[in-house]
J.: 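Input: one structure, supplied below.
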Amino acid sequence: MNNYENYTATELASDAEFIKWIKNPKEFPEVTDFWVNWLDAHPHKQEEVSEAKELMSLFQSNDVHEERRQPVWDRIEDSLDEIEEESKTVQVNSWWGSIKDTYKYAAAVVLMVLAAAYFYSLQDSSSIVSNGVVAESLLFQNVNEKPRTIMLSDGSSVVLYQNTSIQIASAYNEKERTVSIHGKAYFEIQRNEEKPFYVQADGVTTKVLGTSFLVTAYDQQDVTVVVNTGKVSVFKETENKELQTEITLIENESASFTRRTAELKRVNSTVENIEQALYRDDFEIKNKPLREVFDLLQTRYGVDIKFDDKKIAECYLNASLVGIPLEDKVRLICKGSNLSYRMLNDTIIIEGEGCTIQ
Amino acid sequence: MTDEEVWAGIGQGNREALKELYNMYFSSLYSYGLKISRSASNTEDAIHELFIDLWKYREGLSSTTSIKFYLYRALRRKLYKTEQVSEKVLNRSGEGIEMSEDMQDSVETRLIEEEGKAEMSTLLSTHLKGLPERQQESLMLRFYGELSFKEIGEIMDVNEQSARNLVTRGLEFLRKSLKILLCLILLGVCS
C-alpha cells in the first residue's frame with residue numbers, strides 16, 4: 001500500500017487508485033471505503049484531496065456523448081452486416097474501396113470462389129428434354145414431410161410439398177418465367193405483365209402474370225390447379241406442343257386434367273379446398289401477435305425464422321398477407337413493427353428494436 | 001461479462017460480445033478521442049473503424065493483449081492518421097515539452113486577456129488549451145483510460161519514466177494556472 005500521507009495533490013491526482021475513486025465513486029465500493037476511511041484517519045490531507053479533485057475536474061468532460069452511443073453502434077452494426085453479406089455474394093460494393101487494392105482483388109477472388117461453391121451446392125444442373133426442347137435448368141426437391149420454400153430471383157416464392165420437385169429454367173426472368181413441377185406446390189408469384197409466369201406440370205400449363213395458386217401433379221392422379229388470389233389461365237399441351245383449351249380461373253376456382261381422357265375442364269366445387277385455406281384464410285391476419293405470425297410462416301413455408309421474443313412481444317399485425325410471396329410477407333410484417341430482416345439460406349433473421357415500450 | 005469472456009466471445013465471432021466491449025469502453029474512448037482530436041466526426045469515424053477492424057481481424061487477437069491498451073493505442077493511431085496531426089517534436093531526451101518560466105508567463109498573460117470573459121468554466125477550459133499537447137494527452141490516457149505509465153509510454157512512444165513525467169508536469173501546469181486564476185479573482189496576494 002502506498003504511503004499516501006506524504007502525497008501532494010499532484011501525486012494523488014496521478015495515482016491509479018485515487019483516480020478510480022474520483023471517477024466512479026459508486027462502482028467500486030472497496031475503493032471508496034478505503035479512501036473515505038483514509039481521509040477520516042488523516043483529516044489534514046483534506047486540502048490536498050480537494051485540490052487533486054479540482055485538478056481532475058479540469059479535464060473531466062460533461063457526458064454529452066451518451067446520445068452518440070447508439071447511433072455510432074448502429075453504424076458499426078450496419079458495417080458488420082455488410083461484411084457478413086459480402087462473404088456470401090459476388091457483388092463487390094464501394095465499401096471495399098477503402099481497402100488496399102491487393103486485398104480487394106484477393107478478396108474478390110475469394111468471394112467469387114465462395115459464391116460459386118454456394119450456388120453449386122444449391123443446384124443440380126441438368127438438361128431436360130421435354131417435347132423436343134433441351135434446356136439447362138436448376139432443380140430443387142423436397143422429399144420430406146416438412147414443406148420447403150424456394151425463392152425465385154424475381155421475388156416469387158414456391159412452397160414444395162412432400163415428394164415434389166421443381167425445375168427452373170436458368171434463363172428464368174429474362175424474357176419469361178418458366179418452371180416445371182412434379183408433385184404438389186403452392187405458388188406466390190410477383191406481378192410482372194411483361195414476363196408471364198408459366199408452370200408446366202405433366203402436360204398442363206398454367207400461365208399467370210402475378211397471383212397465387214396451388215398445382216397438384218402426382219403420378220397416376222389428375223392434375224389440378226386451384227387459385228388462391230388473382231387470375232390464372234390453364235392450358236393443356238398437345239403432342240405438338242401447342243397450348244389449347246384455355247380455361248381462365250379466378251379466386252377460389254379450380255380446374256382439373258384427367259390423364260386417361262386427356263380432358264381439361266373446370267371443376268365446380270362447392271366443397272371448400274382445405275389446402276387452399278392454409279394459404280388464404282390463415283393469412284388474413286387480424287390483430288395477431290407477431291410471434292404467432294412467425295410461427296405460422298415457419299409451419300407453412302418450412303423456413304426457420306429467428307427473432308427476439310422480447311423485442312416483438314408488444315408487436316401485433318393487422319393485415320392481409322394472402323397471395324403475396326414469402327419475402328414480401330416478411331417485408332410487410334417488418335415494416336409495420338420497426339423491424340428489419342435478412343435472409344440466409346433457409347433462415348430468416350429478424351432484427352431491429354420492435355415494439356418494446358422504452 | 002468479464003474482460004476475458006468478452007475477448008474470447010469476440011474471437012468466437014459473437015456479436016453480442018463486441019457490443020458488450022463497445023458499451024464498456026465507448027464513454028472513455030469517446031472522451032479521450034474528442035480531447036485529442038477536437039473533432040466529434042473524426043472521433044466517431046475512428047471508433048467505427050476501430051471496432052470494425054477488431055471484428056475483421058478477431059482471429060489474430062491473442063488473449064494476452066490488454067484490451068484497454070489495444071483499444072487506446074489503435075484509436076490514437078487512427079486519429080493521428082486522419083487528422084495528420086504531426087506529433088510534437090520531442091526534445092532530444094524524449095521527454096516532451098519542459099515546463100519553463102516562459103510558459104508560466106504566457107499562461108498569466110493569457111489569463112489576464114481572458115479576464116474579460118464572464119464564465120469561470122470558460123477560463124477553466126482555457127487552462128486545458130494552454131496545456132502542452134503531449135502532457136494533455138498523457139493526462140487523458142491516465143484519467144480516461146486508467147492506463148499504467150508503462151502502457152501510456154508504449155502508446156505515446158516514450159519510456160515509462162517519461163510517461164510519468166508527462167503526467168506530473170501536466171498536473172503541475174494545471175495547478176499553477178489554477179492558482180493564478182484564483183489569485184486574479186480574489187485579487188489577493190499571490191505566492
Side-chain angles (χ1 to χ4, degrees), chain A residues 7-24 27-28 31 47-48 50-84 86-87 95-96 98-99 103 107 308 342 349 351, chain B residues 13 15 18-19 22-23 26-35 40-41 43-56 121 123-128 131 136 138-140 142-149 164-179 181-182:
Chain A
Y7 270 41
T8 63
T10 304
E11 286 167 324
L12 281 171
S14 313
D15 182 75
E17 293 301 307
F18 187 84
I19 291 173
K20 216 170 183 178
W21 173 42
I22 301 301
K23 267 180 80 177
N24 306 297
E27 217 173 299
F28 300 101
V31 176
E47 205 182 310
E48 304 282 0
S50 300
E51 198 184 337
K53 277 190 189 174
E54 229 177 291
L55 286 176
M56 285 164 76
S57 72
L58 287 182
F59 46 82
Q60 196 160 13
S61 70
N62 321 319
D63 275 345
V64 248
H65 317 316
E66 263 316 297
E67 70 201 21
R68 299 304 301 155
R69 179 187 290 261
Q70 188 61 42
V72 174
W73 175 253
D74 287 340
R75 209 180 126 199
I76 291 171
E77 266 215 296
D78 286 341
S79 296
L80 292 179
D81 287 343
E82 272 183 56
I83 296 174
E84 270 196 50
E86 284 178 347
S87 69
W95 180 79
W96 287 91
S98 60
I99 298 178
Y103 280 120
D308 186 334
R342 277 187 289 141
I349 302 170
E351 297 167 319
Chain B
R15 232 195 243 197
L18 189 74
K19 188 171 188 183
Y22 173 86
N23 280 326
F26 172 78
S27 243
S28 48
L29 283 173
Y30 198 99
S31 301
Y32 167 70
L34 202 55
K35 284 277 165 27
S41 59
T43 303
E44 291 188 12
D45 285 347
I47 290 179
H48 178 262
E49 222 182 288
L50 171 63
F51 279 88
I52 296 300
D53 279 357
L54 183 57
W55 184 255
K56 268 160 53 190
S121 56
L123 286 165
L124 284 178
S125 63
T126 308
H127 293 279
L128 218 45
L131 187 60
Q136 184 185 334
S138 69
L139 287 176
M140 296 301 119
R142 184 69 176 166
F143 182 78
Y144 286 111
E146 291 186 60
L147 296 161
S148 71
F149 289 114
R164 211 178 277 269
N165 291 343
L166 281 170
V167 169
T168 307
R169 289 184 187 135
L171 288 168
E172 282 299 316
F173 182 97
L174 290 175
R175 255 191 76 227
K176 289 203 165 74
S177 59
L178 197 61
K179 280 211 160 79
L181 173 68
L182 291 172

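In what follows, every chain begins at residue 1, and chains take the letters A, B, ... in the order their sequences are listed.
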J.: What residues, two or more places apart in sequence or in another chain, satisfy salt bridge (charged side-chain N to carboxylate O under 4.0 Å, His left out) together with B:Glu44?
T.: A:Arg68
J.: Tell me which of these, A:Leu80, A:Thr8, A:Ile19, has more heavy-atom pairs under 4.5 Å with chain B than the rest.
T.: A:Leu80
J.: Dump the intermediate steps for salt bridge (charged side-chain N to carboxylate O under 4.0 Å, His left out) on A:Glu51 and B:Arg175, then the final yes or no.
T.: CA-CA 8 Å; A:Glu51 198 184 337; B:Arg175 255 191 76 227; 2.6 Å; yes
J.: Roughly how far apart are B:Thr168 OG1 and A:Glu11 CD, rounded to 0.5 Å?
T.: 7.5 Å
J.: To the nearest 0.5 Å, what is the distance between CD (A:Glu82) and CD1 (B:Ile52)?
T.: 9.0 Å
J.: Against chain A, label B:Leu147 side chain, backbone, both or neither, depending on which of its atoms sit under 4.5 Å from a heavy atom there.
T.: neither
J.: What distance separates A:Ser14 OG from B:Leu166 CG, expressed to the nearest 0.5 Å?
T.: 11.5 Å
J.: Fit a plane to each ring of A:Trp73 and B:Phe51, take the angle between them on a 0 to 90° scale, and name the class: parallel (under 30°), tilted (30 to 60°) or perpendicular (over 60°).
T.: perpendicular
J.: Please flag which part of A:Asp15 lies under 4.5 Å from any non-hydrogen atom of chain B: side chain, backbone, both or neither.
T.: backbone
J.: For A:Arg69, what residues pass the salt bridge (charged side-chain N to carboxylate O under 4.0 Å, His left out) criterion, not counting sequence neighbours?
T.: A:Glu66
J.: Begin from the C-alpha positions of A:Glu77 and B:Arg15 and carry the test salt bridge (charged side-chain N to carboxylate O under 4.0 Å, His left out) through to its verdict.
T.: CA-CA 9 Å; A:Glu77 266 215 296; B:Arg15 232 195 243 197; 3.2 Å; yes
J.: Taking atom NZ of A:Lys23 and atom OG of B:Ser28, what is their separation to the nearest 0.5 Å?
T.: 5.5 Å
